[in-house]
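Below is one structure, written out as structure tokens; comments come after it.
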Amino acid sequence: MGLMPEKVPEKFLKPYNPQAVEGKIYKKWEESGYFNPDNLPGNRTQPFTITLPPPNVTGTLHVGHAYEDTLQDILIRFERMRGKKALWVPGTDSAAIATQARVEKNIQKDEGKSRHDLGREELVRHVTEFAKNSEATILSQVRKMGASLDWSRYAYTLDEKRNTAVFTAFKRMYDAGLIYRGNRIVNWDPKGQTTISDDEIVHEERDAKLYTFRYSKTFPIPVATTRLETKVGDTAVAVHPDDERYKQYVGKEYDAVLCDVPVHIKIIADAAVDPAFGTGALGVTPAHSQTDWEIADRHDLPRPQIINEIAKMTVEGRLCGKKTTEAREAVAEWLQNEGLLEKVEDIKQNVSTSERTGAIIEPLPKLQWWIDVDKNFVHQNGSTTTLKKVMRQAVESSAVTMPQEGFRNAYFHWIDNLRDWCISRQIWFGHRIPVWYKGDEIYCDVGAPQGDGWKQEEDVLDTWFSSALWTFSTLGWPEKTKDLETYHPTSVMSPAYEILYLWVSRMILMSEFHLGQPPFKTVLIHGLVRAKDGRKFSKSLNNGVDPLDIINKYGADALRMGLIVGAAVGADVKFDEQRVKGYKLFANKLWNIARFVLSQEQTGDIKPELKQEFDTMAADVTKDIEEYRIYMAAEKLYHYIWDRFAAQLIEESKGKPEYGASLYYILENSLKLLHPFMPFVTEEIWADMPSKKDLLMVEGWPTK
RNA sequence: GCGCGGUUAGCUCAGUUGGUAGAGCAUCCCCUUGACGUGGGGAGGGUCGUAGGUUCAAGUCCUACACCGCGCACCA
């Protein structure tokens with residue numbers, strides 16, 4: 001007995017070298033065709049589908065993507081080995097606003113030109129070219145992670161099939177009356193010069209001044225505001241219906257001239273007013289505040305617009321053409337001189353800013369395209385319902401399950417506060433709205449109308465409109481394809497919690513409306529990858545981690561393990577390079593285990609108690625993966641293989657030939673169990689296992 | 001204000017139905033000329049945020065509070 005080096009393949013005599021192995025292995029997988037479930041061996045009937053949340057073509061992959069890819073790849077490889085038709089659909093997202101903004105910035109910097117200097121066609125050409133480049137970069141990075149995506153089904157939100165899907169979806173919802181064009185208050189981004197949705201807003205706390213003033217000497221109620229300049233657009237003062245102080249004034253109307261602007265103020269009672277804030281009286285500016293717009297709806301007030309798209313005043317008189325911030329000071333000074341300013345206080349205020357550009361949002365009334373979430377339509381199951389109800393019920397009924405309860409409640413909370421979705425954007429890159437105008441006529445269809453004189457809508461769609469169709473547009477919809485029938489609803493969707501509302505809810509909305517079924521059965525929400533100190537990775541902190549650097553240092557397997565073992569799914573992961581290093585050592589440990597076991601004869605019978613012990617562990621690990629305790633599964637395997645198998649069993653076996661078959665059994669099945677987590681090193685060892693028949697990635701899972 | 005997480009070893013985090021507190025890293029000690037020094041063995045270290053409650057038994061269930069993080073709404 002003892003070592004029989006002549007039996008061990010040459011490669012095992014050196015330490016495991018991921019750099020030399022991973023590229024080769026990935027190529028082998030791709031060439032096998034097994035990423036495509038149609039090519040998988042055996043008689044497979046049960047589908048298992050994941051759609052990759054498409055990364056934006058704005059740049060390169062970050063470590064958050066690497067984490068997301070790993071989670072999904074583990075599930076896909078697991079189910080593939082369990083004999084399912086495992087399909088993981090890759091794709092990328094044009095990310096209209098983000099990508100255009102990025103390219104505009106580059107052009108401004110390099111050539112000193114704006115998008116208007118270039119024109120629509122030229123700009124779109126630039127953006128498309130940029131998108132192509134970063135698409136290529138991103139896809140090569142995803143491959144490096146070992147992601148077993150079916151590249152034959154690759155989709156891009158702006159490719160021809162997805163265009164058809166987007167236009168068809170628009171047309172059908174337009175015909176159902178769920179998409180309408182309406183003049184309503186929008187979130188206007190003065191820097192980006194476009195509307196944005198409620199979900200693209202971030203609130204920032206800033207210092208502000210709270211002014212208390214009267215419209216005129218004879219006006220009975222003082223009013224507090226931080227936005228003095230908008231007061232020339234006021235048409236009412238609202239008080240709480242139960243507020244005894246002001247009851248006597250409700251219904252009265254007053255005229256005043258504020259900074260040369262004549263205003264007509266009606267005093268009204270509305271429950272939206274907080275009697276405890278300021279003076280308990282709210283100056284209502286219908287055209288420049290979401291709340292005030294709604295109050296104006298209820299009281300049928302006029303809504304003069306006094307600020308334009310570049311955040312300048314449009315009224316006559318001294319304020320004309322001033323920026324809002326300058327106008328504010330001008331009004332304060334004027335009130336002071338007139339003796340109408342009663343008080344100025346410093347307060348903290350949450351300001352709405354654009355997530356993308358950082359600009360302060362200016363609420364404005366604009367003619368835009370909307371999806372009505374409260375309007376009745378007939379669902380394909382025959383019931384009359386609304387999009388809002390459909391989004392709620394899909395989760396409430398557990399047609400869509402969210403294993404993490406907390407996110408489920410947050411989802412409901414969000415749905416209940418949902419307003420109509422503004423889907424038009426004033427940019428050039430993206431899906432142009434399939435609507436044409438001629439005089440008063442409006443035409444909506446997948447293609448342009450016949451005849452002369454039609455002009456297509458200039459706006460493009462919110463990028464989330466096309467993303468919302470993603471689970472089924474990638475499978476060929478609106479055609480009735482075999483893929484759609486087989487793989488939809490998909491099995492698991494795994495987005496970061498950041499986009500639970502933005503994306504998940506909207507996929508449910510679209511899938512329920514267009515297909516009459518949910519887009520997926522399970523939503524597995526994952527956390528963010530943060531720096532070791534808990535802060536977000538960001539350019540300004542310069543604490544970014546490039547997954548490619550980590551892969552080059554430690555290998556993709558080690559990176560995968562290091563990310564997975566960081567935290568339970570759903571919690572934030574703190575990235576720790578030391579941990580990744582530890583798993584590089586583990587890969588090498590496994591390598592040496594193989595070296596030892598392969599040097600032994602497979603003598604003796606498999607010892608029942610060892611088999612029993614292994615199989616129990618395997619069943620345990622299986623259950624953990626099934627119930628998404630990915631972290632636990634990985635840890636258990638790690639411990640079994642290192643502490644039990646290597647440290648104890650192999651040590652005991654030395655000089656005892658009767659252990660040979662047992663050791664081989666454990667190695668063979670450990671490789672299978674570990675494959676979803678560390679696909680490269682396990683596949684590389686597998687290639688030299690005497691019992692192998694095919695690639696490890698399609699071997700049967702060792703336990704039920 | 002409403003809601004959701006979190007609070008466990010020096011650090012990062014596990015702890016699945018309540019049953020004698022765990023891992024990795026870090027620290028310290030010891031061992032080792034054949035699978036692997038990218039090794040092996042061992043040790044120290046925790047009143048499981050606070051205060052109550054339920055229970056034979058609570059890190060785990062309940063209530064309140066504190067602190068940290070996040071989301072939503074308001075912010076006139």
Side-chain angles (χ1 to χ4, degrees), chain A residues 2-3 5 8 12-16 198-199 202-203 205-206 208 210-211 223-228 230-231 234 237-238 272-274 276-285 288-292 295 347-352 404-418 497-498 500-501 527-528 530 532-534 554 561-562 565-568 570-600 620 623-624 627-629 631-632 634-636 638-639 642-643 646-648 650-651 653-654 663:
Chain A
L3 253 185
V8 182
F12 287 107
L13 301 179
K14 286 186 200 151
Y16 176 62
D198 292 346
D199 308 286
V202 286
H203 297 284
E205 193 177 76
R206 300 204 178 165
L210 183 68
Y211 304 89
V223 167
T225 181
T226 55
R227 295 204 61 190
L228 263 185
T230 66
K231 296 298 103 182
D234 283 9
V237 164
V273 178
D274 174 4
F277 187 91
T279 61
L282 161 66
V284 180
T285 323
H288 300 286
S289 153
Q290 184 78 47
T291 320
D292 296 5
I295 292 174
I347 61 162
K348 292 275 182 204
Q349 191 192 206
N350 279 332
V351 182
S352 301
Q404 299 120 318
E405 280 291 322
F407 293 120
R408 207 167 170 261
N409 294 333
Y411 176 85
F412 290 138
H413 189 248
W414 178 82
I415 296 277
D416 296 340
N417 285 307
L418 187 63
Y497 57 69
E498 282 185 309
L500 174 61
Y501 315 122
L528 268 30
R530 294 171 179 277
K532 207 185 162 187
D533 58 11
Y554 307 107
M561 286 292 274
V565 179
D572 287 347
V573 177
K574 300 213 174 88
F575 183 79
D576 180 0
E577 192 169 327
Q578 279 308 306
R579 201 165 55 225
V580 176
K581 191 178 164 194
Y583 288 108
K584 180 189 157 89
L585 303 187
F586 180 56
N588 191 60
K589 186 75 189 174
L590 192 66
W591 190 249
N592 281 296
I593 290 172
R595 172 179 173 180
F596 179 81
V597 173
L598 291 177
S599 75
Q600 311 290 309
D620 220 21
K623 191 157 175 269
D624 284 336
E627 292 169 13
Y628 307 113
R629 291 186 298 270
Y631 163 89
M632 293 208 67
E635 269 240 322
K636 277 178 191 163
Y638 174 87
H639 282 291
W642 199 311
D643 299 335
Q648 297 177 347
I650 286 183
E651 289 307 319
S653 77
K654 286 180 179 170
L663 295 184

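Labels below follow one simple rule: chain letters A, B, ... track the order of the sequence lines, proteins then strands, and each chain is numbered from 1. This is a predicted model, so every value here is computed, not measured. Side chains included, hydrogens not; waters and symmetry mates left out as well; all remaining heavy atoms used.
- Here B:A35 presents its P atom at 17 Å from CD of A:Q648, a figure rounded to the nearest Å.
- Remark: the A:Q290 side chain and the B:A73 base include no donor-acceptor N/O pair separated by less than 3.5 Å.
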Discussion item. Between A:F596 and A:N592, does the side chain to side chain contact (heavy atoms under 4.5 Å, CB included) criterion hold? Intermediate values first, please.
Written reply: CA-CA 6 Å; A:F596 179 81; A:N592 281 296; over 6 Å; no
Can you name the atoms? Protein N/O to nucleotides 28-31 of chain B N/O, anything below 3.5 Å, with the distance.
none

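- Here the side chain of A:A568 is nearest to one of B:A14, B:G24, B:A35, namely B:A14.
- You'll find that the side chain of A:P15 is closest to B:U38, out of B:G24, B:A76, B:U38.
- The side chain of A:L282 lies closest to B:A76 when the candidates are B:G24, B:A73, B:A76.
- The gap from the C1' atom of B:A43 to that of B:U47 amounts to 23 Å, rounded to the nearest Å.
- When distances are taken from the side chain of A:K654 to each of B:A35, B:G24, B:C25, the shortest belongs to B:A35.
- A:G562 and A:V580 make their closest contact through CA-CG2, 4.1 Å (heavy atoms, listed as atom of the first residue, atom of the second, distance).
- If you take atom P in B:U50 and the same atom in B:C11, they sit 16 Å apart, rounded to whole Å.
- Taking the P atom of each, B:G39 and B:G44 are spaced 23 Å apart, rounded to whole Å.
- Dashed line: the shortest gap from a side-chain N or O of A:T291 to OP1 or OP2 of B:C75 is under 4.0 Å.
- Nucleotides B:G18 and B:A23 place their P atoms 23 Å apart, quoted to the nearest Å.
- Nearer the 5' end of RNA chain B, as judged by each residue's closest nucleotide, is the contact made by A:F407, out of A:F407 and A:S352.
- The separation of B:G6 from B:A14, taken at their C1' atoms, amounts to 14 Å, rounded to a whole angstrom.
- Rounded to whole angstrom, the span from the CD1 atom of A:I295 across to the C1' atom of B:C74 amounts to 12 Å.
- Computed from coordinates, the A:Q578 CD to B:G10 C1' distance equals 15 Å when rounded to whole Å.
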Considering only nitrogen or oxygen atoms on both sides, find all protein atoms under 3.5 Å from nucleotides 70-72 of chain B and state each distance.
| unit_1 | atom_1 | unit_2 | atom_2 | d |
| --- | --- | --- | --- | --- |
| B:G71 | O2' | A:Y501 | OH | 3.3 |
| B:C72 | O2' | A:N417 | ND2 | 3.3 |

Item to complete: Run the numbers on A:V284 and A:D234 for side chain to side chain contact (heavy atoms under 4.5 Å, CB included), then give the verdict.
Response: CA-CA 5 Å; A:V284 180; A:D234 283 9; 5.8 Å; no
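- Counting any heavy atom pair closer than 4.0 Å across all strands shown, A:K14 reaches no nucleic acid atom.
- Looking at A:R530 and A:F575, their side chains never come closer than 4.5 Å, going by heavy atoms from C-beta outward.
- A:D416 has its CG atom 14 Å from the P atom of B:C4, to the nearest Å.
- Distance check: A:L282 CG to A:T291 OG1 gives 8.0 Å after rounding to the nearest 0.5 Å.
- Using the Watson-Crick or G-U wobble rule with both distances under 3.5 Å, B:U17 pairs with nothing in any strand shown.
- A pairwise comparison of heavy atoms in A:G278 and A:A224 identifies CA-CB, 4.0 Å as the closest pair.
- Using a 4.0 Å heavy-atom distance criterion, A:G278 is classed as making no nucleic acid contact.
- Pair assignment for B:U27 gives B:A43, based on Watson-Crick or G-U wobble hydrogen-bonding distances that are each under 3.5 Å.
- Contacts of A:D274 with the nucleic acid, taken as non-hydrogen atoms under 4.0 Å apart, include base atoms.
- Heavy atoms of A:V284 sit nowhere under 4.0 angstrom from any nucleic acid atom.
- The aromatic rings of A:F586 and A:Y583 stand perpendicular to each other, their planes meeting at an angle above 60°, with 30° marking the opposite boundary.
- As a whole-Å value, the separation of A:M561 CE from B:U12 C1' is 16 Å.
- Here the shortest heavy-atom pairing between A:K623 and A:R629 reads O-NH2, 4.0 Å.
- Distance, A:L585 CG to B:U38 P: 9 Å, rounded to whole Å.
- Look at A:K589 and you'll find a side-chain N or O under 4.0 angstrom from OP1 or OP2 of B:G40.
- Taking every heavy atom of both residues into account, A:A587 and A:Y16 meet most closely at CB-CD2, 3.9 Å.
- A straight line from CZ of A:F12 to C1' of B:U38 spans 17 Å, rounded to a whole angstrom.
- Counting non-hydrogen atoms under 4.0 angstrom, A:E651 reaches a base of the nucleic acid.
- Within the 4.0 angstrom heavy-atom criterion, no nucleotide atom of any strand lies near A:T285.
- Rounded to the nearest 0.5 angstrom, A:Y501 OH and A:N417 CG are separated by 10.0 Å.
- Closest to the side chain of A:F596, from the set B:A35, B:U16, B:A76, is B:A35.
- Residue A:N588 places its side chain closer to B:U38 than to any other of B:U38, B:G24, B:A35.
- Within the nucleic acid shown, A:R579 comes within 4.0 Å of sugar-phosphate atoms alone, with no base atom in reach, counting heavy atoms only.
- Between A:I650 and A:I593 there is a side-chain heavy-atom pair separated by less than 4.5 Å.
- No contact: A:L500 has no heavy atom under 4.0 Å from any strand.
- With C1' as the reference atom, B:U17 and B:A57 are 15 Å apart, rounded to whole Å.
- Contact check, A:T225 against B:A76: no side-chain N or O comes under 4.0 Å of OP1 or OP2.
- The side chain of A:W642 contributes an N or O atom lying less than 4.0 Å from OP1 or OP2 of B:G40.
- The CG-C1' distance, from A:D572 to B:G69, rounds to 9 Å in whole Å.
- Comparing B:U27 with B:G10, their P atoms are spaced 15 Å from each other, to the whole Å.
- For the pair A:A276 and A:K636, nearest-nucleotide mapping onto RNA chain B gives the more 5' position to A:K636.
- With rounding to the nearest 0.5 angstrom, the OH atom of A:Y211 is 9.5 Å from the OG1 atom of A:T225.
- Remark: B:C61 base-pairs with B:G53. Criterion, Watson-Crick or G-U wobble with two distances under 3.5 Å.
- If you take atom P in B:G45 and the same atom in B:C31, they sit 23 Å apart, rounded to whole Å.
- Under the Watson-Crick or G-U wobble criterion, with both distances below 3.5 Å, B:C70 is paired with B:G3.
- Annotation for A:K636: atom NZ counts as buried by contact number, over 12 foreign heavy atoms lying within 6.0 Å.
- No hydrogens or angles considered: a donor-acceptor pair under 3.5 Å links the side chains of A:Y497 and A:D572.
- Nucleic acid contact class of A:A647 (heavy atoms, under 4.0 Å, all strands): sugar-phosphate only.
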